[in-house]
*Asks:* 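Structure below; questions to follow.
Excluded from the calculations below are hydrogen atoms, water molecules and symmetry mates; all remaining heavy atoms, backbone and side chain alike, are included. Numbered from 1 within each chain, the chains take letters A, B, ... in sequence-line order.
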Protein chains: 2
Amino acid sequence: MDEQLQIDMDEFLPLRDVVFNTLRRAILTGQLKPGERLMEVHLANKLGVSRTPIREAIRKLELEGLVIMIPRRGAEVARITEKSLKDVLEVRRALDALSVELACDRITEEDMKRLLQACQDFEKAAKGKDASVIAKADVALHDIIVEATGNQRLAQLVNNLSEQMYRYRFVYIKEESKHDMLVAEHREIYESIASRDKERAARAAKLHIDNQEKSIIRQIRLENESRLNKQP
Amino acid sequence: MDEQLQIDMDEFLPLRDVVFNTLRRAILTGQLKPGERLMEVHLANKLGVSRTPIREAIRKLELEGLVIMIPRRGAEVARITEKSLKDVLEVRRALDALSVELACDRITEEDMKRLLQACQDFEKAAKGKDASVIAKADVALHDIIVEATGNQRLAQLVNNLSEQMYRYRFVYIKEESKHDMLVAEHREIYESIASRDKERAARAAKLHIDNQEKSIIRQIRLENESRLNKQP
DNA sequence: TTGGTGTATAATGTATACAAAAAGCAACAG
DNA sequence: CTGTTGCTTTTTGTATACATTATACACCAA
């Protein structure tokens with residue numbers, strides 16, 4: 001944890017929630033690395049609060065699976081294995097398919113227009129080089145779809161699962177050779193929702209995940225290899 | 001909260017986890033009713049611990065969606081609406097289908113035997129009248145399937161979603177006229193996994209959920225009506 | 001009677017104090 | 001030189017104290 005954890009005082013929330021969001025973002029962006037210990041007094045000093053809000057935030061991170069508790073030793077950032085990521089993606093594949101299927105049934109004309117706009121925004125972003133702009137456009141597009149399902153629980157779960165892979169988002173976004181493919185995949189999803197073709201939409205959503213999975217798994221293997229080479 | 005919350009000291013866990021399990025069970029069994037406030041000092045006295053473990057347990061229940069937090073007012077047991085239950089079931093439908101599909105691919109011969117046994121146990125239980133025995137047999141059967149997927153994340157999510165409906169489990173189990181149908185549905189699921197027929201298994205799992213949904217929604221409407229009649 | 005205001009009370013939000021256990025380290029014995 | 005024992009330090013687990021805010025109830029005025 002070299003960089004400073006910066007607390008976001010903008011929001012007017014109980015400290016535990018501020019701490020929760022802060023730690024969560026730090027973990028998801030890789031600022032707090034897998035295996036790193038979360039020591040309460042240390043974090044408390046760093047964030048300028050007492051141990052109580054820190055502990056309550058850790059309890060929530062624990063249930064989310066972002067940290068694991070070792071009894072009488074404290075919390076550490078959950079290690080991501082290839083298996084755990086495959087598990088997450090397997091579930092996401094099903095839920096993303098469900099999302100587009102439901103969207104076919106329930107999306108409003110208004111949201112359909114927003115989806116088209118988001119698609120075009122993504123194409124524009126993909127032509128540029130700024131990965132974070134592309135990532136934002138990607139999130140915006142997918143958000144419209146899950147919200148169009150009208151199922152809040154589904155939206156919450158999909159968002160949560162997506163965030164588990166936040167650290168690897170840039171992996172497939174940075175492969176510029178794949179940009180055309182991403183654009184095409186999004187367009188296919190849009191087209192199939194527009195034509196209310198559930199089966200085609202589900203196929204497209206699954207393919208989209210499968211391709212991301214390939215990029216991410218490749219990246220993880222690379223990281224593991226270099227890690228193994230460093231400490232044999 | 002008329003009955004006594006009884007703490008389970010069997011397990012050797014941090015108090016927060018003991019409290020978490022205790023409160024969780026109380027909510028899921030309906031001992032703590034929707035809308036009921038969870039007051040920290042009260043619970044602390046009741047369970048003979050301080051407020052700290054109570055608060056940490058509530059943070060986890062909050063993330064699970066079993067309680068909702070009202071700022072500066074505290075926690076209350078989440079109210080279940082027809083919409084929220086439909087949302088949960090919609091997701092479960094997809095995840096249960098995924099579970100049986102994965103089970104088709106991955107279940108071992110050993111687990112297949114256990115599944116057959118669980119099926120037979122359920123049939124035996126269904127002949128009796130003890131709802132809690134039937135419920136246990138039902139859970140055991142489904143547990144074997146989700147564990148056979150080898151996907152821990154999926155297992156965790158399915159369990160969590162199932163528990164959201166724990167309070168209504170007895171609704172469809174108590175309808176004795178439906179017992180034969182439940183047995184037949186389980187058998188169909190077993191058969192399709194045995195023949196590794198993913199499509200058929202998915203259909204069977206979805207039908208199983210759909211039928212439960214009907215019973216539960218009917219029950220909720222009944223409860224709502226009687227509630228509305230009482231306080232007009 | 002009704003509406004509003006003020007105070008008292010009770011609950012949460014946060015901080016801190018204390019206890020117990022684990023980890024690291026040093027010293028000593030073999 | 002190595003292994004073990006015991007002490008010290010650090011960290012978690014739990015309890016409690018203090019601050020702040022919301023709620024309820026009573027009282028007063030219109």
*Asks:* Could you tell me which residues satisfy side chain to side chain donor-acceptor pair (under 3.5 Å) with R92(B), sequence neighbours excluded, listed by chain and number?
*Replies:* D96(B)

*Asks:* Test of understanding: with side-chain contact (heavy atoms from CB on, under 4.5 Å), list the residues that count as partners of M39(B), not counting sequence neighbours.
*Replies:* R37(B), H42(B)

*Asks:* Report the residues that fulfil side-chain contact (heavy atoms from CB on, under 4.5 Å) with R114(A), sequence neighbours left out, ordered by chain and then residue number.
*Replies:* D111(A), I144(A)

*Asks:* Which residues pass the ring-ring contact (aromatic ring centres under 6.0 Å, His included) test with F122(B), not counting sequence neighbours?
*Replies:* H186(B)

*Asks:* Indicate for each nucleotide in nucleotides 7-17 of chain C, in 5' to 3' sequence, whether protein heavy atoms under 4.0 Å reach the base (B), only the sugar-phosphate (S), or nothing (-).
*Replies:* ----SBBBBBB

*Asks:* Sequence neighbours left out, what passes side chain to side chain donor-acceptor pair (under 3.5 Å) with E213(B)? Give chain and number order.
*Replies:* none

